[in-house]
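Below is one structure, written out as C-alpha cells, with a few remarks after it.
Order of listing sets the numbers, starting from 1, for every ligand and every atom in it.
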Amino acid sequence: MPLHLLQIAKKLAHDAGKLALEYQENGFKTESKGGVDLVTEADKACEQLILKTIQENFPDHAILTEESGAIGDPKAEYKWIVDPIDGTVNFAHGLPFYCVSIAIIHKGLPIIGVVEAPALKEVFWAKKGHGAFKGNSPIQVSKNGDLKRALFSFGYPYEREDPVTPMTHKLVTSVLTESRGARRLGSAALEGAYIAAGRLDAFFHYKLKPWDIAAAKIILEEAGGMMTDVTGDLISPKNGRTLASNGILHSSLVEMIKKEGGDKVM
Ligand code: 2AM
Ligand code: CA
C-alpha cells in the first residue's frame with residue numbers, strides 16, 4: 001500500500017468537512033433527488049474536491065461516489081468509496097449529525113476507513129490490522145451482551161412506499177420493547193462509527209448503499225464489532241440490508257429480526 005494513502009484519505013475527509021462547514025455558514029442551494037432524498041451544493045462541491053485529489057494523485061485508482069457513481073477501471077487494484085456528505089437531510093436542516101465517509105479497497109479487501117464529522121469536530125478512522133481510532137485515541141465497541149441495556153439506532157429508506165418501511169416500524173417496536181431505547185441519527189456512516197466507539201450497541205437499516213457503510217464497516221470491524229446483512233451473512237450490494245453491532249449482541253439480533261420476518265423483505 002502506498003505509505004501515504006491513509007494520510008491522504010484523512011486529509012481529504014478533513015478538507016471536505018471544512019468545506020461543508022463553510023457552506024453551512026454561508027448558505028447553499030438544495031435540490032430534490034425525488035421523494036425525500038436531497039442533494040445540496042455542498043454535497044457536489046465536497047465530492048469534486050475529493051475526486052480531484054484522488055484523480056491527480058492516483059490516476060489508476062477506481063472511485064465510487066454517491067453523486068458521480070462509478071469512475072475508472074472496475075478491475076483497478078485500488079478503489080475508493082466516497083460519500084461526500086452522509087446525512088444530507090441533517091446537513092440541509094442544520095443538524096450536526098453528518099459526516100464525510102471515505103473507504104479504500106485493495107484487491108477487493110477493505111483496508112482504510114475514515115469518517116469525519118466536521119460540525120462535531122470528530123474523526124473516526126481505521127487501517128486494516130491496526131485497530132480503530134477516534135482522533136489519536138484507540139476505540140473499541142461496547143462489551144454489553146444484555147439486550148435490555150442496549151442502545152439502538154436505525155434508519156428508514158427514502159422510498160416511503162417500500163415494503164421495508166412497515167418492517168422497519170415493526171422492528172423498532174420490538175427493539176423498544178426489548179432494549180434501553182432506539183435513536184435515529186440520520187447518518188448511517190456516523191452510526192456505524194458510534195458503535196465502533198461504544199456509544200451505541202447496534203444499528204439496522206434496509207436499502208443502504210456501499211458509500212453509506214464502506215468506511216464505517218472497516219472502522220467497526222477494527223474496533224471489534226460486526227456489520228452484516230440482517231441474516232448475519234455478507235451484505236448484498238443489491239439490497240443493502242444492514243445490521244451492525246458490537247458483535248456480542250449480533251446473533252440474538254439476527255434471531256430477533258428473523259422472528260419478526262425481517263429476513264423476508266428487502
Ligand atoms: P445520505 O444522507 O447520504 O443520503 C439516513 O437514515 C441514512 O441512510 C443516511 O446515511 C442516508 O444517506 C442513508 N440512506 C437512507 N435511505 C437511503 C437509500 N434509499 N439509499 C441510500 N442511502 C440511504
Ligand atoms: Ca450517504
Side-chain angles (χ1 to χ4, degrees), residues 13 16-17 19-20 23-24 28 30-47 50-51 63-70 80-103 113-120 124 152-169 171-172 175 182-196 200 202-220 227 229-230 235-244 265-266:
L19 184 59
Y23 274 96
Q24 194 62 248
F28 50 85
T30 302
E31 286 167 40
S32 168
K33 279 188 179 177
V36 282
D37 197 3
L38 300 175
V39 61
T40 74
E41 241 179 309
D43 294 76
K44 292 179 186 169
C46 292
E47 179 159 308
I50 295 169
L51 279 182
I63 314 172
L64 174 69
T65 76
E66 173 153 23
E67 312 307 335
S68 307
W80 296 64
I81 304 184
V82 175
D83 194 345
I85 299 184
D86 185 59
T88 301
V89 175
N90 283 342
F91 178 83
H93 284 255
L95 293 170
F97 295 104
Y98 62 87
C99 60
V100 182
S101 170
I102 299 178
V114 183
V115 167
E116 171 135 4
L120 298 164
F124 303 87
F152 276 75
S153 178
F154 66 97
Y156 286 103
Y158 289 124
E159 304 75 18
R160 296 290 198 251
E161 303 307 315
D162 200 294
V164 308
T165 303
M167 178 49 68
T168 304
H169 294 328
L171 294 176
V172 172
V175 162
R183 302 286 181 265
R184 197 195 166 192
L185 302 186
S187 162
L190 205 51
E191 286 160 304
Y194 280 7
I195 302 175
L200 294 169
F203 165 77
F204 64 90
H205 201 311
Y206 288 74
K207 300 267 157 90
L208 289 177
K209 296 282 194 250
W211 47 79
D212 298 320
I213 47 176
K217 184 169 190 284
I218 305 166
I219 298 168
L220 180 56
M227 190 183 279
D229 177 63
V230 297
I235 298 169
S236 159
K238 282 198 195 117
N239 58 51
R241 298 194 306 196
T242 303
L243 172 66
V265 294
M266 54 185 71

Look at [atom] and say which protein heavy atom is nearest, naming residue and atom and giving the distance to 0.1 Å.
| atom | value |
| --- | --- |
| atom 3 (O) of ligand 1 | Glu66 OE1, 3.0 Å |
| atom 1 (P) of ligand 1 | Tyr158 OH, 3.3 Å |
| atom 12 (O) of ligand 1 | Asp86 OD1, 3.2 Å |
| atom 13 (C) of ligand 1 | Leu208 CD2, 3.7 Å |
| atom 8 (O) of ligand 1 | His205 NE2, 3.1 Å |
| atom 22 (N) of ligand 1 | Asp212 OD2, 2.7 Å |
| atom 9 (C) of ligand 1 | Gly186 O, 3.5 Å |

I'd like to check which ligand 1 atoms, numbered from 1 as shown, lie under 4.0 Å from a non-hydrogen atom of [X].
| X | result |
| --- | --- |
| Lys209 | 20 (N), 21 (C) |
| Gly87 | 1 (P), 2 (O), 3 (O) |
| Lys207 | 17 (C), 18 (C), 19 (N), 20 (N), 21 (C) |
| Ile85 | 3 (O) |
| Pro157 | 16 (N) |
| Ala188 | 7 (C), 9 (C), 10 (O) |

Kindly compute the distance separating [atom1] ([X]) from [atom2] ([Y]), expressed to the nearest 0.5 Å.
| X | Y | atom1 | atom2 | answer |
| --- | --- | --- | --- | --- |
| Phe28 | Lys44 | CZ | NZ | 13.0 Å |
| Ile85 | Phe91 | CD1 | CZ | 4.5 Å |
| Asp212 | Lys207 | CG | NZ | 13.5 Å |
| Cys99 | Leu120 | SG | CG | 9.5 Å |
| Arg241 | His205 | CZ | NE2 | 14.5 Å |
| Thr88 | Asp83 | OG1 | CG | 6.5 Å |

**OP:** Ignoring angles and geometry beyond distance, decide whether Arg184 reaches within less than 3.5 Å of ligand 1 through its nitrogen or oxygen atoms.
**Re:**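 Yes - when backbone and side-chain N and O of Arg184 are compared with those of ligand 1, one distance drops under 3.5 Å.
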Please verify whether a non-hydrogen atom of [X] lies at under 4.0 Å from ligand 1.
| X | value |
| --- | --- |
| Glu159 | yes |
| Tyr98 | no |
| Val89 | no |

Original post:
What closest approach, in Å, do Cys46 and Ala16 show between heavy atoms, and which atom pair accounts for it?
Top reply: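 That would be SG-O, 3.3 Å.
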Original post:
Any luck finding a side-chain donor-acceptor pair between Asp162 and Thr165 under 3.5 Å?
Top reply: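 On atom types as modelled, these side chains do not qualify, holding no pair under 3.5 Å.
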**OP:** For Ser101 and Asp86, test the side chains for any donor-to-acceptor distance below 3.5 angstrom and give the result as yes or no.
**Re:**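 No - no donor-acceptor pair under 3.5 Å links their side chains.
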Subject >> Distance filter under 3.0 Å, centred on the Ca ion (ligand 2) - protein N, O or S atoms that pass it >> reply: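 Less than 3.0 Å away from the Ca ion (ligand 2) sit Asp83 OD2, Asp86 OD1, Asp212 OD1.
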Original post:
Can you name the salt bridge (charged side-chain N to carboxylate O under 4.0 Å, His left out) partners of Lys33, sequence neighbours left out?
Top reply: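 Salt bridge (charged side-chain N to carboxylate O under 4.0 Å, His left out) check on Lys33 returns Glu66, Glu67.
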Subject >> Residue of the set Thr65, Val82, Leu64 for which side-chain contact (heavy atoms from CB on, under 4.5 Å) holds with Trp211 >> reply: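 Among Thr65, Val82, Leu64, the one that satisfies the side-chain contact (heavy atoms from CB on, under 4.5 Å) with Trp211 is Leu64.
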Subject >> Sub-4.5 Å side-chain heavy-atom contact between Leu208 and Ile235 >> reply: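 They are not in side-chain contact.
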Original post:
Taking the inter-plane angle between the rings of Phe154 and Tyr156 on a 0 to 90° scale, is it parallel (under 30°), tilted (30 to 60°) or perpendicular (over 60°)?
Top reply: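 Rings of Phe154 and Tyr156: perpendicular, over 60°.
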Original post:
Using the ring of each side chain (for Trp, its six-membered ring), is Phe97 parallel, tilted or perpendicular to Tyr194, with breaks at 30° and 60°?
Top reply: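 Ring orientation of Phe97 relative to Tyr194: perpendicular.
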